[in-house]
Participant: 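Pasting a structure here, questions to come.
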Amino acid sequence: QVQLVESGGGSVQAGGSLRLSCAASGRTFSRYVMGWFRQAPGKERDLVAAISKSDGNTYYADSVKGRFTISRDNAKNLVYLQMNSLKPEDTAVYFCAADQRTFARATMRENYDYWGQGTQVTVSS
């Protein structure tokens with residue numbers, strides 16, 4: 001089992017940057033595909049970015065391509081989401097999640113087995 005704890009959220013003006021971190025418990029972190037999701041009030045929880053277990057493959061939603069970067073440090077059990085050029089529409093609760101399956105299915109929310117509690121990101125115009 002994996003426990004995930006996000007940090008790094010906050011309030012920022014449009015055009016600013018934030019870096020989210022997600023710390024994972026356990027010694028099998030490298031066995032999980034990791035994803036960052038976000039959920040705005042009244043909306044679905046959508047995948048923002050995902051990263052494969054160890055070879056660095058990444059996926060980004062079209063809305064964040066070129067602005068967000070996902071990375072991981074398997075030695076430290078950490079996954080990051082660097083968010084640049086933030087827009088008001090990026091405002092949401094951001095969740096990290098872990099998936100034991102193949103990266104090829106990383107876009108499927110239902111495949112993720114473990115979730116963090118979320119961290120709020122608010123971008124003002």
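Heads up: numbering here begins at 1 and tracks the sequence. What's counted below: heavy atoms across the whole structure, side chains too, no hydrogens, waters or symmetry copies. Computed from a predicted model, the values in this text were never measured in an experiment.
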Participant: Should we count CD of E110 as having more than 12 external heavy atoms under 6.0 Å?
Facilitator: yes

Participant: May I ask you to decide if Q3's main-chain N or O and S25's side chain share a donor-acceptor pair within less than 3.5 Å?
Facilitator: yes

Participant: How far apart are the closest heavy atoms of F29 and N77, and which atoms are they?
Facilitator: CB-OD1, 3.3 Å

Participant: Taking all atoms of both residues into account, what is the closest heavy-atom pair of S125 and A14, and its distance?
Facilitator: CA-CB, 4.3 Å

Participant: Could you report the tightest heavy-atom contact between A50 and Y112, atom names first, then the distance?
Facilitator: CB-OH, 3.8 Å

Participant: According to a hydrophobic-cluster definition based on side-chain heavy atoms being under 4.5 Å apart (Ile, Leu, Val, Met, Phe, Trp, Tyr only), do Y114 and V48 belong together?
Facilitator: yes

Participant: Would R38 count as a cation-pi partner of F95, with NZ or CZ less than 6.0 Å from the six-membered ring centre and within 45° of the ring normal?
Facilitator: no

Participant: Nearest heavy-atom pair of A24 and L4: which atoms, and what distance?
Facilitator: CB-CD2, 3.6 Å

Participant: Taking a hydrophobic cluster as the set of Ile, Leu, Val, Met, Phe, Trp and Tyr residues connected by side-chain heavy atoms closer than 4.5 Å, whether directly or through intermediates, do V33 and V2 fall within one such cluster?
Facilitator: no

Participant: Quick one: which of T58, L81, T69 gives a side chain to side chain contact (heavy atoms under 4.5 Å, CB included) with I51?
Facilitator: T58

Participant: Using a strict threshold of under 4.0 Å (side-chain N to carboxylate O), is an ion pair present between K65 and D62?
Facilitator: yes

Participant: If every non-hydrogen atom of G9 is compared with every non-hydrogen atom of V121, which pair is closest and at what distance?
Facilitator: CA-CG2, 4.2 Å

Participant: Do V12 and T122 come close enough that some side-chain heavy atom pair is under 4.5 Å?
Facilitator: no

Participant: Would you kindly confirm whether Y60 and V79 end up in one hydrophobic cluster when ILVMFWY residues are joined by side chain heavy atoms under 4.5 Å apart?
Facilitator: yes

Participant: Determine, for R101 against D113, whether the closest basic-nitrogen to carboxylate-oxygen distance falls under 4.0 angstrom.
Facilitator: yes

Participant: How about W115 and F37: are their ring centres within less than 6.0 Å of each other?
Facilitator: yes

Participant: Can you check side-chain contact (heavy atoms from CB on, under 4.5 Å) on T119 and V93, steps first, answer last?
Facilitator: CA-CA 5 Å; T119 186; V93 178; 6.0 Å; no

Participant: Check step by step if side-chain contact (heavy atoms from CB on, under 4.5 Å) holds for N74 and S54.
Facilitator: CA-CA 8 Å; N74 285 344; S54 60; 4.3 Å; yes

Participant: I'd like to know if the side chain of E6 and the backbone of Q117 have a donor-acceptor N/O pair within less than 3.5 Å.
Facilitator: yes

Participant: When hydrophobic residues are tied together by side-chain contacts of less than 4.5 Å, even through go-betweens, does M34 share a cluster with V64?
Facilitator: yes

Participant: Determine which pairs satisfy side chain to side chain donor-acceptor pair (under 3.5 Å) with at least one residue from residues 11-24, sequence neighbours left out, and list them in order.
Facilitator: S17-N84

Participant: Mark yes or no for whether N111, through its side chain, and R105, through its backbone, hold a donor-acceptor pair below 3.5 Å.
Facilitator: yes

Participant: Does any part of the side chain of M83, heavy atoms only, come nearer than 4.5 Å to the side chain of Y94, both counted from C-beta?
Facilitator: yes

Participant: Do W36 and L78 share a hydrophobic cluster, counting only Ile, Leu, Val, Met, Phe, Trp and Tyr and linking them when any side-chain heavy atoms are less than 4.5 Å apart?
Facilitator: no

Participant: Check this for me, if you would: do R109 and D46 make a salt bridge, where the nitrogen-to-carboxylate-oxygen distance has to be below 4.0 angstrom?
Facilitator: no

Participant: Answer yes or no: is there a donor N or O on one side and an acceptor on the other, between the side chain of K53 and the main chain of T102, under 3.5 Å?
Facilitator: no

Participant: Could you give me the CA-CA distance, side-chain angles and deciding distance for R67 and D90, then say whether salt bridge (charged side-chain N to carboxylate O under 4.0 Å, His left out) is met?
Facilitator: CA-CA 11 Å; R67 300 188 299 122; D90 295 318; 2.7 Å; yes

